[in-house]
*Asks:* 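Take this structure first; my questions come after.
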Amino acid sequence: MTRHGKNCTAGAVYTYHEKKKDTAASGYGTQSIRLGKDAIKDFDCCCLSLQPCQDPVVTPDGYLYDKQAILEFILHQKKEIAKQMKAYEKQKQTRKSTTQLQSKSGEREKVEKFKTTENSIVSKPINPFMFGQTDGNKPYQTKNSSAESPIGASTSNHSLPSFWIPSLTPEAKPSLLKKPSKTVLCPMSGKPIKMNDLITVCFTPLDPTLSRVSLLTRQDRYVCAVTRDVLGNSVPCAVLRPSGAVVTQECVEKLIKKDMVDPVTGDKLSEKDIIFLQRGGTGFASCGVELHARESRPVMQV
């Protein structure tokens, strides 16, 4: 048997494995891959820094953040909004002044047109003593000669077009800025977020005697505040607003919803006071988040 036959390339069937292998090596076509457990953040990690939270807070939608990270994000967004608003106001003033100049120039053109029309109808008497007189060595300059100006002076106020930059071509129109919204949005849910809406979260450690460094090195770090069950991505969790305690969803359904009382502080609870945490996936199907990544690459067309 030849080497061509040993490589199994003499078959009449183009197998799925060969197709996937050739697609990955060619650099063309859309590729999709299934994400594993290592590619998804843990339930107690910040959605911005992707690291275990030192001072965890949760939004009303259940997204967990480190307090320092989310406050820096909110301040950064406010600065960006202020910068965009300043640029928008500057554009607004520029457009207003341009409109005023255009209206004044239009009125001036109407006046000049009226003057030329009147001068053509009514003839003025000519003073023969003023015709041909000179002012020193300079001849008498008429109205038309004084209106002439060098080409450079008229075009100095206008920027020359550029055929290499798309925004400076003669056909390009100036892009107008839209009025920015003053609302800061959550980076995960896209809903408005405020500092006062953040709720402090109190995780119950698995072993209170361990230090924080030794606690973070463990895979199982926290437990339910009521049932002492180990928490993880495979366990749906909820945060109780009055105490900030983290409990399992099973505890909420079987124990807390019967009396609607916070077991830590004894306060009355409502449906809004029970916030379910948005957790990551475990590497198995249909758990928490979408576990497929897709990359669109160039496609060869005939």
Side-chain angles (χ1 to χ4, degrees), residues 30 41 45-51 53-111 153-201 239 241 270-280 288-290 292-298:
T30 302
K41 77 176 190 67
C45 291
C46 174
C47 293
L48 288 175
S49 62
L50 304 180
Q51 298 295 325
C53 297
Q54 294 184 0
D55 190 3
V57 292
V58 67
T59 63
D61 296 321
Y63 291 99
L64 192 72
Y65 296 101
D66 196 349
K67 189 173 183 179
Q68 182 180 358
I70 189 62
L71 292 184
E72 288 180 358
F73 174 82
I74 292 175
L75 293 177
H76 176 72
Q77 290 298 316
K78 286 185 176 181
K79 289 181 181 179
E80 288 294 325
I81 291 172
K83 187 185 297 182
Q84 294 175 5
M85 185 63 70
K86 188 176 180 180
Y88 174 77
E89 292 295 335
K90 184 178 180 181
Q91 173 187 274
K92 188 177 179 180
Q93 293 294 333
T94 304
R95 293 186 64 186
K96 184 177 180 181
S97 60
T98 304
T99 305
Q100 292 178 355
L101 289 176
Q102 289 178 354
S103 61
K104 289 182 179 179
S105 62
E107 294 176 358
R108 195 176 296 109
E109 288 178 359
K110 290 181 181 179
V111 172
S154 61
T155 59
S156 60
N157 296 330
H158 302 282
S159 58
L160 296 176
S162 174
F163 294 94
W164 302 105
I165 304 176
S167 60
L168 297 179
T169 54
E171 294 82 6
K173 297 181 179 180
S175 58
L176 299 178
L177 299 176
K178 295 183 179 180
K179 186 176 182 180
S181 175
K182 295 183 179 180
T183 306
V184 179
L185 302 179
C186 176
M188 297 299 295
S189 64
K191 297 180 180 180
I193 185 174
K194 297 180 181 178
M195 296 182 183
N196 297 332
D197 297 336
L198 301 177
I199 303 161
T200 304
V201 179
V239 179
R241 186 189 294 265
S270 62
E271 293 294 335
K272 294 182 179 179
D273 293 334
I274 302 175
I275 303 170
F276 293 97
L277 280 179
Q278 302 288 340
R279 55 200 173 95
V289 295
E290 183 66 29
H292 288 84
R294 186 178 296 272
E295 180 185 7
S296 298
R297 301 189 299 179

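Values reported hereafter were calculated over all heavy atoms of this structure, with side chains retained and with hydrogens, waters and symmetry mates removed. What you see is a predicted model, and the numbers here were worked out from it, not measured in a lab.
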*Asks:* With side chain to side chain contact (heavy atoms under 4.5 Å, CB included) as the criterion, how do Ser189 and Asp61 come out once you've worked through the C-alpha distance, each side chain's angles and the decisive distance to 0.1 Å?
*Replies:* CA-CA 8 Å; Ser189 64; Asp61 296 321; 3.4 Å; yes
*Asks:* Determine whether Tyr63 and Val58 satisfy the following criterion, side chain to side chain contact (heavy atoms under 4.5 Å, CB included), listing intermediate values before the conclusion.
*Replies:* CA-CA 5 Å; Tyr63 291 99; Val58 67; 5.8 Å; no
*Asks:* At what distance, to the nearest 0.5 angstrom, does CD1 of Ile74 lie from NZ of Lys194?
*Replies:* 11.0 Å
*Asks:* Nearest 0.5 Å please: distance from the SG atom of Cys53 over to the CG atom of Leu64.
*Replies:* 4.0 Å
*Asks:* What's the separation between atom CG in Leu48 and atom CD1 in Ile70, rounded to the nearest 0.5 Å?
*Replies:* 5.0 Å
*Asks:* Taking the side chain as every heavy atom from C-beta outward, state whether Leu71 and Met195 have any atom pair closer than 4.5 Å.
*Replies:* yes
*Asks:* Give a yes or no on whether the backbone of Gln100 and the side-chain of Ser103 come within a donor-acceptor separation of less than 3.5 Å.
*Replies:* yes
*Asks:* Start with the C-alpha distance between Asp66 and Gln51, add both sets of side-chain angles, then the distance that settles side chain to side chain contact (heavy atoms under 4.5 Å, CB included), and finish with yes or no.
*Replies:* CA-CA 9 Å; Asp66 196 349; Gln51 298 295 325; over 6 Å; no
*Asks:* Looking at Ile274, is its backbone amide N or carbonyl O close enough to the side chain of Arg241 to form a donor-acceptor pair, meaning the two atoms are under 3.5 Å apart?
*Replies:* no
*Asks:* What verdict does the side chain to side chain contact (heavy atoms under 4.5 Å, CB included) test give for Cys45 and Tyr65, after you've listed the backbone C-alpha separation in whole Å, the side-chain angles of each residue and the deciding distance to 0.1 Å?
*Replies:* CA-CA 7 Å; Cys45 291; Tyr65 296 101; over 6 Å; no
*Asks:* To the nearest 0.5 angstrom, please state how far the CG atom of Leu198 sits from the OG1 atom of Thr59.
*Replies:* 7.5 Å
*Asks:* Taking the side chain as every heavy atom from C-beta outward, state whether Ile275 and Ile199 have any pair of such atoms under 4.5 Å apart.
*Replies:* yes
*Asks:* Under 3.5 Å, sequence neighbours excluded: what are the donor-acceptor pairs made by side chains of residues 76-95?
*Replies:*
unit_1, atom_1, unit_2, atom_2, d
Gln91, OE1, Leu177, N, 2.8
Gln91, NE2, Leu177, O, 3.2
Thr94, OG1, Lys90, O, 2.8

*Asks:* Starting at NZ of Lys191, measure out to CD1 of Ile193 and round the result to the nearest 0.5 Å.
*Replies:* 12.0 Å
*Asks:* Working to the nearest 0.5 Å, report the span between SG of Cys46 and NZ of Lys67.
*Replies:* 13.5 Å
